Colleague: 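One structure, as structure tokens, below. Some questions next.
Quick caveat, the model's predicted, so the values are computed rather than measured. Chain letters run A, B, ... following the sequence lines, proteins first, then strands; residues in each count from 1.
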Protein chains: 2
Amino acid sequence: MPHAAAATPQLLRRVNAQAVLRHLRGADAATGTELMALTGLTRASVIAVCEDLIGRGWIVELDQPRADPANPRKGRPARRFAFNREAGFVLGLDIGAATTTAAVADLRGTVVGRSSESFRAADIPAQERVGVIDLVCRQALEAAGKDPRNVLAVGAGIAAPVDRDGNVLVTQRFWSLFDVGLRSVLKELHGWTVLLENDANLAALGERWRGSGAGVDDLVVLLAGERLGAGVMESGRLLHGRGGAAGEMGYLDMVEGVGSSDGIAALARQWSAAGGGPSAGGPASAPRVFEDAAAGDAAALAILDRMSERMARVIASIASLINPEQVVIGGAVAESAGALLPGITARLPRFTATPPRVTVSPLGDKIVTVGAIRHALDFVEDNALELELAG
Amino acid sequence: MPHAAAATPQLLRRVNAQAVLRHLRGADAATGTELMALTGLTRASVIAVCEDLIGRGWIVELDQPRADPANPRKGRPARRFAFNREAGFVLGLDIGAATTTAAVADLRGTVVGRSSESFRAADIPAQERVGVIDLVCRQALEAAGKDPRNVLAVGAGIAAPVDRDGNVLVTQRFWSLFDVGLRSVLKELHGWTVLLENDANLAALGERWRGSGAGVDDLVVLLAGERLGAGVMESGRLLHGRGGAAGEMGYLDMVEGVGSSDGIAALARQWSAAGGGPSAGGPASAPRVFEDAAAGDAAALAILDRMSERMARVIASIASLINPEQVVIGGAVAESAGALLPGITARLPRFTATPPRVTVSPLGDKIVTVGAIRHALDFVEDNALELELAG
DNA sequence: GATAATTTAGATACAAGCTAAATATATTGC
DNA sequence: GCAATATATTTAGCTTGTATCTAAATTATC
């Protein structure tokens, strides 16, 4: 097998075009001279690259701005090039056990449409599940006023291990049932490329992009709710492990029960069963615990204390194995989890020599869709010059 | 800053030369036609690349082999090119607390010289330490009959966290003292490029190269002795984390004391203190425990059982966070640790949904030097076209 | 309002590296 | 010795780049 494809002269154009495109994605606009300085290419090459990218639809040439007396520009006016953020769109999906949400975003990641639907029941057949997902996608596109043919990639997060090739680990769960469908069905119906990923991994991508881990290369995001999953980024790359189960801490019950496939909600139920709290008798839920603790309820405070201890132990074991710079707590409980931070931070040095910074996600329930959009954009950016844009 | 250097036509030659070189490193020899098939280049380009590499000293052209009547070759005889494994050499260092070992290897990794020295005492000044290390390097080169000027890189393993840039984490230990010296001193004395790494990380490189994890991309190596450290490879890459402390499990004592900076030897001492075993009264040591267990001693067997349990828990927590395909046990106790494998393997499914294969290292006390050689070779291979070979 | 200075655009010449096709060379087999 | 075969070498041409020169469009100055 040709281990490395031959490097033909066309490779140069691809490399240089990618460099120009990368810069234009981050900037409002750029002149030829700016691009020369940035890439080190000569003007002739820069112009050739830009004409090329205009022809492919990825960038546009802006009209000359009228003269600005406040900031007069000497010399011949420069041609100005800008990234075409509407060259296409991506979909970000959060496929939960009960609900699916879809978000449409342009190529700069600005969300322009959104839709959400709940499944009729937990045990509906795979076909119906895929049908609902497809519906949510079409609704989101309609809300955005975009044509399905302009979708360049679909990022999709599910609560199950997914390996590097996008295959679902089938050792457990019913997920395998409808996964196999999703990729081929959406490919067949719309021609879309679906990029399946674990939801905690997408949360990590989202948090690094637009959350509290912005720009952090060694980042772990804990997606805590009924289930405890971690998305791990090391040196800016997502960790998957052999079967995609990296960060799947469901079994990690050795650590005094933390993350024994229950998490915070289970603690709340224990507490509720014990009859504690001002709002005792109502349904046990994580938010209620935080509420009651804020009201000064002793039992609720004790639970928060115990949770801090458990969280600190979990984070410490992550710190020992991965040594992240920062750990972000996200998911259903994130809003209220701020109350846990002091307790966690104070305990960490007892359990690890390299305690990470611990923060709470600001992304709320959008954490997975934001990450899914980022995942899709990463694919589009990596493959821009191979993708054909629809007129 | 020029985020990406401009891609000039010379880049093509570099890429293609690297591809040819990569193949020749793995093969005995290759003809132009073979290289054409492999790279997809035309004959003219392949020959040009080879002439180039010959000029730089990386490959040689072989003489025509005399005709072999048993295997007659039609047509004009092909020119045959081969990797020049003696174009340079690398050093692999294992810098321990008490002893330093150096191995000299050619560019295919065959060890051609070796040397070892113990430090006079544990608390000698940094300068003396570096002096001993330099001595060991020179002795190893002399044993191999090689000139120091032909050393292209030095891989060095130490028992401390080292980040991606080769800097030692200075939060603890005396290591910081003599690290700072090593790189600059060897650079100054011999012009060598020293690549510092954590010893467990190098063990992982070594095990994947020439140990029981050959070819496994998601691999963890436990370096167990007085201290418990893990070298983690995910998708073929070493994990470092923010400060290089990934895999530093010294603090991971939450898991029922496993790896609480003591490991197996501590267990042996506990056992010895209790007066157990046929050889009770002698110095407590890990090998003795295995010896006595093999002799049927009940107390020793109980210790092995407890060790299996602890090891299983440690490996399970690694499996939950990293999901490796395989975990290799290496270090001082590796020889005898085979006895633990059945106990560990049997317990794993209780603690993790994704149990890895568990094996014992066959590399013995060479595990770190082998990895250090691989680390140095990786550097040389990545930078071959930038390195200047000494005549 | 003409002219100079400045900045960018565009054109021309040429170099590096690759492909493709034609021609030359060395070996085996009859 | 001659055909067949596989490889080597040469020549022309393509793509992409650099370097350099000239042209164009704007501002500043007299």
Side-chain angles (χ1 to χ4, degrees), chain A residues 2 4-21 29-56 61-82 385, chain B residues 2 4-21 29-56 61-82 385:
Chain A
T8 63
Q10 288 81 337
L11 175 68
L12 299 179
R13 175 54 57 89
R14 284 171 35 94
V15 169
N16 289 329
Q18 276 284 19
V20 167
L21 200 49
T31 66
T33 304
E34 281 165 28
L35 292 171
M36 286 170 67
L38 196 101
T39 59
L41 297 172
T42 58
R43 168 163 268 112
S45 301
V46 165
I47 296 295
V49 165
C50 286
E51 300 283 8
D52 208 352
L53 288 171
I54 289 173
R56 290 164 181 267
E61 182 166 359
L62 300 178
D63 294 336
Q64 288 301 328
R66 67 176 113 272
D68 175 6
N71 177 28
R73 315 277 304 159
K74 287 187 199 174
R76 177 171 175 166
R79 294 173 65 176
R80 299 172 72 245
F81 304 97
L385 300 177
Chain B
T8 63
Q10 288 83 333
L11 175 68
L12 299 179
R13 174 56 55 90
R14 284 171 36 93
V15 170
N16 288 328
Q18 275 285 18
V20 166
L21 200 50
T31 66
T33 304
E34 282 165 28
L35 292 171
M36 286 170 66
L38 196 99
T39 59
L41 297 172
T42 59
R43 169 164 267 111
S45 301
V46 165
I47 296 295
V49 165
C50 287
E51 300 283 9
D52 207 350
L53 288 171
I54 289 173
R56 290 163 181 268
E61 182 166 358
L62 300 179
D63 294 336
Q64 288 301 329
R66 67 177 113 273
D68 175 6
N71 177 29
R73 314 278 304 160
K74 290 184 197 173
R76 176 172 176 166
R79 295 173 66 175
R80 299 173 70 246
F81 304 97
L385 300 177

Colleague: I need the minimum non-hydrogen distance between B/Q64 and B/P77, along with the two atoms involved.
Modeller: OE1-CB, 3.5 Å
Colleague: Could you work out, with side chain to side chain contact (heavy atoms under 4.5 Å, CB included) as the rule, every residue matching A/E61, not counting sequence neighbours?
Modeller: A/I54, A/R79, A/F81
Colleague: Establish, with yes or no, whether the OP1 or OP2 oxygen of D/dT18 is under 4.0 angstrom from a side-chain nitrogen or oxygen of A/S45.
Modeller: yes
Colleague: Taking the side chain as every heavy atom from C-beta outward, state whether A/T39 and A/N16 have any pair of such atoms under 4.5 Å apart.
Modeller: no
Colleague: OP1 or OP2 of C/dG17 versus the side-chain N and O atoms of B/N16: is any pair under 4.0 Å?
Modeller: no
Colleague: Is there side-chain contact between B/L385 and B/L53, with heavy atoms separated by less than 4.5 Å?
Modeller: yes
Colleague: Rounded to the nearest angstrom, tell me the gap between atom CG in A/L41 and atom P in D/dA19.
Modeller: 11 Å
Colleague: Tell me: CE of A/M36 to P of C/dT8, nearest whole Å?
Modeller: 9 Å
Colleague: Under the criterion side-chain contact (heavy atoms from CB on, under 4.5 Å), I'd like the reasoning laid out for B/R43 against B/T33: C-alpha separation, chi angles, the key distance, then a yes or no.
Modeller: CA-CA 7 Å; B/R43 169 164 267 111; B/T33 304; 2.5 Å; yes
Colleague: Using a cut-off of 4.0 Å between protein heavy atoms and nucleotide atoms, how would you tag nucleotides 4-15 of chain D 5' to 3' with B, S and -?
Modeller: -BBBBB-----B
Colleague: Please check if the side chain of A/E51 supplies one atom and the backbone of A/V46 the other of a donor-acceptor pair under 3.5 Å.
Modeller: no
Colleague: If you look at every strand shown and take non-hydrogen atoms under 4.0 Å, does A/A48 touch a base, only sugar-phosphate, or nothing?
Modeller: nothing
